[in-house]
Amino acid sequence: MALSMDIIKQSFSFFMQHIIEISWKIIPLILVTSYLSNLLIAWLDFGDGFLDLYYAIVIKSNFFAIPIVLFVILIQHKVYELPTNFSQLFMRLVYKLPYIIVLTTIATTLMYLAAFMLIFPALILALRFSYAWIYLIFDNYNPIKALWTSFNETKGEWTLLWQNMLVVTIISLISGIVLFIVSAIFLDDFFISWVMSIFFNMAFLFVQVILYRIYSEFGKDNVDH
């Protein structure tokens with residue numbers, strides 16, 4: 001299993017082919033969830049303690065997951081030529097929301113503990129969980145099974161995982177440069193945090209396309225459609 005240039009090209013082609021639909025269906029949700037997560041964290045006014053930081057990260061992660069999962073649903077609808085009107089997509093998201101919250105909270109908690117207790121590098125754990133949302137949506141796995149399957153399926157696939165991380169890093173670096181320019185104009189921490197959230201969401205949208213391409217290429221796509 002390898003992340004070839006063909007997969008990246010196919011993923012980029014798919015992403016650009018549907019960029020208009022992505023723009024009006026996904027980006028508004030990214031704007032809203034990014035804003036609400038920053039607003040909620042600012043309102044709760046967490047301190048610097050272990051639990052305070054944990055609560056903030058869990059809130060951020062769950063809001064971050066919502067547009068990403070909606071995009072995974074959009075990919076599924078596009079691949080199987082299912083209806084893609086916003087109301088149907090949104091209702092599927094609402095139906096999956098409790099599962100998304102459970103999955104994201106569990107994954108975030110494990111990665112947070114790994115980062116602080118040094119049981120397992122949090123970055124590696126994040127990479128091992130990278131297919132969890134796809135299994136949750138495409139195979140209708142429950143959150144625990146989705147995380148466990150993703151963890152098992154990526155065992156030994158370090159080259160693939162680090163290649164995925166490289167793609168995210170490159171996109172993030174580009175985003176960082178843009179953010180630096182923006183921050184030089186708008187010296188507002190809340191605004192900068194909001195813009196950063198939007199950039200990272202967009203980066204992960206593209207990564208989800210790559211993950212789906214790999215998922216389907218190696219015969220994992222068995223969705224009943």
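All residue numbers refer to positions in the sequence shown, counting from 1. Note that the structure is predicted; figures quoted are calculated from it, not measured.
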Q) If you measure from CZ on Phe129 to CD1 on Ile106, what distance do you get to the nearest 0.5 Å? A) 9.0 Å

Q.
With a 4.5 Å cut-off on side-chain heavy atoms, are Ile66 and Leu70 touching?
A. no

Q: Output, in order, the C-alpha distance, side-chain angles, deciding distance and verdict of side chain to side chain contact (heavy atoms under 4.5 Å, CB included) for Ile137 and Arg92.
A: CA-CA 9 Å; Ile137 302 301; Arg92 283 202 64 193; 4.0 Å; yes

**Q.** same_hphob_cluster(Trp133, Met91) at 4.5 Å side-chain heavy-atom cutoff
**A.** no

Q: Using a 4.5 Å cut-off on heavy atoms from C-beta on, say whether the side chain of Leu93 contacts that of Leu89.
A: no

Q. For the atom pair CZ (Arg128) and CG (Leu147), what is the distance rounded to the nearest 0.5 Å?
A. 12.0 Å

(Q) Applying the side chain to side chain contact (heavy atoms under 4.5 Å, CB included) criterion to Pro143, which one of Leu103, Thr105, Thr104 satisfies it? (A) Leu103

(Q) If only side-chain N and O atoms count, and only distance matters, is there a donor-acceptor pair under 3.5 Å linking Tyr54 with Thr108? (A) no

Q. What distance do Phe63 atom CZ and Ile30 atom CD1 have between them, rounded to the nearest 0.5 Å?
A. 14.5 Å

**Q.** Contact check, side chains of Tyr135 and Asn142, non-hydrogen atoms, under 4.5 Å
**A.** no

Q. What heavy-atom pair brings Asn62 and Ile100 nearest, and what distance separates the two atoms?
A. OD1-O, 4.1 Å

Q. Taking C-beta and beyond as the side chain, do Lys60 and Asn38 meet within less than 4.5 Å on heavy atoms?
A. yes

Q) Centroid-to-centroid, Tyr112 to Tyr55, below 6.0 Å? A) no

Q.
Within the 3.5 Å criterion, strictly below it, is a donor on Asn140 or Lys145 matched to an acceptor on the partner's side chain?
A. no

**Q.** Distance-minimising heavy-atom pair for Ser150 and Ser130
**A.** OG-N, 3.5 Å

Q: Return yes if some donor-acceptor pair links the side-chain N/O of Ser34 with the main-chain N/O of Leu31 below 3.5 Å, else return no.
A: no

Q) What distance separates Ile41 CD1 from Phe46 CZ, expressed to the nearest 0.5 Å? A) 7.0 Å

Q) For the atom pair CG (Leu39) and CG (Leu44), what is the distance rounded to the nearest 0.5 Å? A) 9.5 Å

Q: Quick one: pull up CZ in Phe90 and CG in Leu29 and give me the separation to the nearest 0.5 Å.
A: 7.0 Å

**Q.** Ring geometry between Tyr99 and Tyr95 (parallel below 30°, tilted from 30 to 60°, perpendicular above 60°)
**A.** tilted

(Q) Is the shortest side-chain heavy-atom distance between Tyr141 and Leu136 below 4.5 Å? (A) no

